[in-house]
Amino acid sequence: SRPGLRLPLGSMGWPFFGETFALRSQQQKFYMIRQRTYGELFKTHVFGYPSIVTTSPEAAKFVLVEHPHLFRRRGLPFVEDALGYRFFGYIENHRLHMKLRKQLQVPLFHLHKLIPQLEAWAISLMRSWEGRTVNALQEAKLYAFNVATLFVLGQQSENDRKELTKACECIIKGLGCWRLYFPGTNYFKACQGRYKACELVDKIVNRRRQSRTTQHVDILGILMDAEDDDKIPMSNRELRENVLTLLFAAHDAMGAALTWTLKNLRENASLLDELTDEHDKIVQRKQVPDQPLTWADIKDMLITQRVIKETLRIANVVDFSYREALEDIAYNGYLIPKGWRVMVVHTTFHLDAQNYPSPNKFDHNRFEVAPKPFTYTPFGNGAHVCLGRELAQLEMFIFLHHFTTKYR
Ligand code: HEM
């Protein structure tokens, strides 16, 4: 519809399914192969929508940083179906989204207050591993989910936390499965899980509404106080969908990131020694044994910082940012049609030898030098850059500190 512009090259795949199966089975190779064949932008049809995939840092900058108002952030269709589409990150009005984001940043100024609780959870988790074989991903997710509930909902009873964890696990197991609603299927369990999780969130919201005396410096407190342009606060449904999507965002990527870190340490003894050395020094500096970590200790974990950065670069736990084009958009002579989905892939430039020599080799020391601008975006970039990135890193620092100094 725009003269002089053409759609990027690419294949729309099979009728109805498009290239979704190819993407799921090939994963990173899906982007790499097509990038080589078609260039920095290509068209495809995945997750039920015609889509444009961008693979270069320049295109990522264009979409995420320079023109965020032209693109609406979306969740993958099966995630929106399961967790709801009223998440604040999906708000189409760019100004309103930014206003809410600013308010939601307040708990990040109080992150240091979470350190003792995070330490207690990391220690008790590792104690529970004694004498048994554990599934690293499950354990990492458990830790991440506890931290996520604390950050989003504040202190909750252990029982409520356990019930919420169970309910959310059911929802997550059902993500993307066939919609077969009869007992025993994952979809059925996911629906039940969602019902239970909504009930629990409603209970917490109602409890807070009844005792409005205390100020809550957590995400739920801020969402409950937030108002749109017409001064209308969020409904219970909006609150629920925000909480569920936040809990999902906060623990899914986090669990995967921690598991990849453990895998890299398991496979690289000298890296583990180097990391242990850094953490032993922090322990030795303490006047009293088992003294809690401080913010200054965290800032001193420079090798750990590089290990985390390198893990996120190689693992690409969130491999793309997902958007919807709000109008016909021109980019470098190409048309991004209104209504099409846009996948801004981060993996391609994280694993590009021009940005990171020997890109598949784990080398945390490469981060002694800052990467080229816009080539390192494991937490996204621009208007929707990960709200929890400081928390995510804090969780990993604390986990790795106790893993290297206590777990044997
Ligand atoms: C290692 C762990 C994590 C990784 C790799 C990660 C990655 C990302 C990425 C790539 C985005 C941008 C998505 C986009 O552009 O569409 C994002 C957004 C977001 N993340 Fe994270 N994340 C992590 C942990 C967390 C945690 C612990 C929280 C805690 C609340 C969190 C909350 C969010 C939120 C709320 C957004 C949406 C922001 C918005 O739309 O304005 N994330 N994350």
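Fair warning: this is a prediction, and the values are worked out from it, not measured in the lab. Start at 1 and go down the list; that is how both ligands and their atoms are numbered. Residue numbers run from 1 in the order of the sequence given.
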Task: Sub-4.0 Å heavy-atom contact, H97 with ligand 1 - done: yes
Open item on the list: Taking the basic N atoms (NZ, or NE/NH1/NH2) and the acidic carboxylate oxygens, is any pair closer than 4.0 Å for E310 and R306?
Closed with: no
TODO: For G89, take its heavy atoms, then give the atoms of ligand 1 lying under 4.0 Å from any of them.
DONE: 40 (O)
Open item on the list: As an exercise, identify every atom of ligand 1 less than 4.0 angstrom from a heavy atom of P378.
Closed with: 5 (C), 7 (C), 10 (C)
- [ ] Would you kindly say whether T294 and D297 are connected by a side-chain donor-acceptor distance under 3.5 Å?
- [x] yes
TODO: Please confirm whether R323 comes within less than 3.5 Å of ligand 1 when only nitrogen or oxygen atoms on both sides are compared.
DONE: yes
Task: Heteroatom distance test (H346, ligand 1): nitrogen or oxygen, under 3.5 angstrom - done: no
Open item on the list: Using a 4.0 Å cutoff against the non-hydrogen atoms of F151, which atoms of ligand 1 qualify?
Closed with: 30 (C)
Task: Under 4.0 Å to a heavy atom of E395 - the qualifying atoms of ligand 1, by number - done: 27 (C)
Task: ring-ring contact (aromatic ring centres under 6.0 Å, His included) between Y331 and F62, worked out - done: CA-CA 8 Å; Y331 172 76; F62 175 87; 4.8 Å; yes
Task: SB check R74 E324 (cutoff 4.0 Å) - done: yes
TODO: List every atom of ligand 1 that sits less than 4.0 Å from any heavy atom of A257, numbering the atoms from 1 in the order shown and giving each element.
DONE: 1 (C)
Task: Subset of ligand 1 atoms that lie under 4.0 Å from at least one heavy atom of V317 - done: 5 (C)
